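The structure appears right after this line, and notes come after that.
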Amino acid sequence: MAKIYSKKKSNFNKLNPKIETINFILSYSKAFKVSVYKGLRFETIIN
Amino acid sequence: MNPKSLSDATLVSKYINGDEPSLTILINRHQQRLYSFIYSKVYDRVVTDDVFQDTFIKVIKTLKLGKYNEEGKFLPWVMRIAHNLVIDYFRKNNRMPKFNNSGDFDIFSVLSDGALNAEAELIRSQIFSDVRNLVEELPDDQRTVLKMRMYNEMSFKEISENTSVSINTALGRMRYALINLRKLIEENNIILTN
């Protein structure tokens with residue numbers, strides 16, 4: 001069987017997001033609140 | 001019980017009920033797979049981070065607004081959101097005006113102001129100075145013809161009248177002037193290109 005000499009493609013499975021991105025998501029989650037008033041849902045972001 | 005060993009469904013349920021650390025566990029558990037999935041589509045780390053962030057913002061909103069149902073599994077649902085956002089990204093990108101510089105037309109030939117930068121200007125002035133010095137090295141008769149032709153833009157007829165020689169002699173002097181200039185340039189290893 002013929003050998004394949006082309007370079008092996010980089011492994012995407014080892015990639016991770018930046019810490020800043022994770023921190024932003026977690027901060028956003030803590031800041032994001034949903035309040036219900038008379039059956040209506042209101043989204044608020046509390047900083 | 002160790003929270004890290006809890007199932008996705010349990011963590012989602014806890015998160016909906018206000019347990020923020022559950023989201024941290026969910027992100028840590030699935031970040032690599034989700035991030036790699038997005039990167040395999042967009043091949044750009046910055047865009048991948050953006051899409052990854054937008055995916056979780058959508059996840060957070062859906063969960064907190066109580067719109068999430070447990071019909072499907074958590075990760076496939078998140079992957080689907082990411083996939084849709086990647087499609088949105090490509091749609092948005094295609095709508096933006098793009099310039100492809102692979103054809104015959106070069107945008108920089110239009111955008112360029114034509115002015116030389118400081119380095120090119122300096123090199124040009126050095127070349128002019130070198131040429132002037134080389135011309136001064138030529139024999140008088142050749143130098144005179146060359147100056148009249150190149151700097152005064154005189155015709156060979158005018159040169160012949162001014163120097164009291166035939167046109168053929170003027171042409172010959174010009175020819176020898178150029179040959180001698182080339183010789184001087186080669187002998188002195190002078191580079192006259194910008």
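From a predicted model like this one, the values you see are computed outputs, not experimental measurements. In what follows, chains carry the letters A, B, and so on, assigned in the order in which the sequence lines appear, proteins first and then strands, with residues in each chain numbered from 1.
For chain A, no part of Thr48(B) is nearby; none of its heavy atoms comes within less than 4.5 Å. For a residue to count as touching a neighbouring chain, one of its non-hydrogen atoms must lie under 4.5 Å from one of that chain's; by this rule Leu65(B) touches chain A with backbone and side chain alike. Of the atoms belonging to Gln31(B), heavy atoms from both backbone and side chain fall under 4.5 Å from chain A.
Hydrophobic clustering (side-chain heavy atoms under 4.5 Å, transitive across Ile, Leu, Val, Met, Phe, Trp, Tyr) keeps Ile179(B) apart from Ile185(B). Linking ILVMFWY side-chain heavy atoms closer than 4.5 Å, directly or via other members, places Val165(B) and Val145(B) in two distinct hydrophobic clusters.
Other residues, nucleotides and ligands contribute only 12 or fewer heavy atoms inside 6.0 Å of the CD1 atom of Ile19(A). Heavy atoms of other residues, nucleotides or ligands lying less than 6.0 angstrom from NE2 of His83(B) number 12 at most. Under a cut-off of 6.0 angstrom, the local environment of OH in Tyr176(B) is sparse, with at most 12 non-hydrogen atoms contributed by other residues, nucleotides or ligands. Sparse packing is recorded around CZ of Arg175(B), with 12 or fewer heavy atoms of other residues, nucleotides or ligands lying under 6.0 Å away. Counting heavy-atom neighbours within 6.0 Å of Tyr151(B) OH, excluding the residue itself, gives a total above 12. With a 6.0 Å radius and a threshold of 12 heavy atoms from other residues, nucleotides or ligands, Lys33(A) has its NZ atom above the threshold.
Between Ile57(B) and Phe24(A), the closest side-chain pair of non-hydrogen atoms falls below 4.5 Å.
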Q: Show the numbers, then the answer: is there a side chain to side chain contact (heavy atoms under 4.5 Å, CB included) between Asn16(A) and Phe52(B)?
A: CA-CA 10 Å; Asn16(A) 273 310; Phe52(B) 182 89; over 6 Å; no
**Q.** Intermediate values then yes/no, side chain to side chain contact (heavy atoms under 4.5 Å, CB included), Glu20(A) and Asp49(B)
**A.** CA-CA 10 Å; Glu20(A) 292 89 346; Asp49(B) 269 298; over 6 Å; no
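Rounding to the nearest 0.5 Å places CD1 of Ile27(B) at 4.5 Å from CG of Leu26(A). Distance CG/Asn28(B) to CD1/Ile22(A): 7.0 Å, rounded to 0.5 Å. In this structure, Ser29(A) OG and Leu26(B) CG are separated by 10.5 Å, a value rounded to the nearest 0.5 Å.
For the residue pair Lys64(B) and Phe32(A), the shortest heavy atom distance occurs at NZ-O, 3.0 Å.
Comparing Leu23(B), Asp50(B), Ile60(B) by heavy-atom pairs within less than 4.5 Å of chain A, the highest count is held by Ile60(B).
Side chains of Tyr35(B) and Thr21(A): no donor on one and acceptor on the other come within 3.5 Å.
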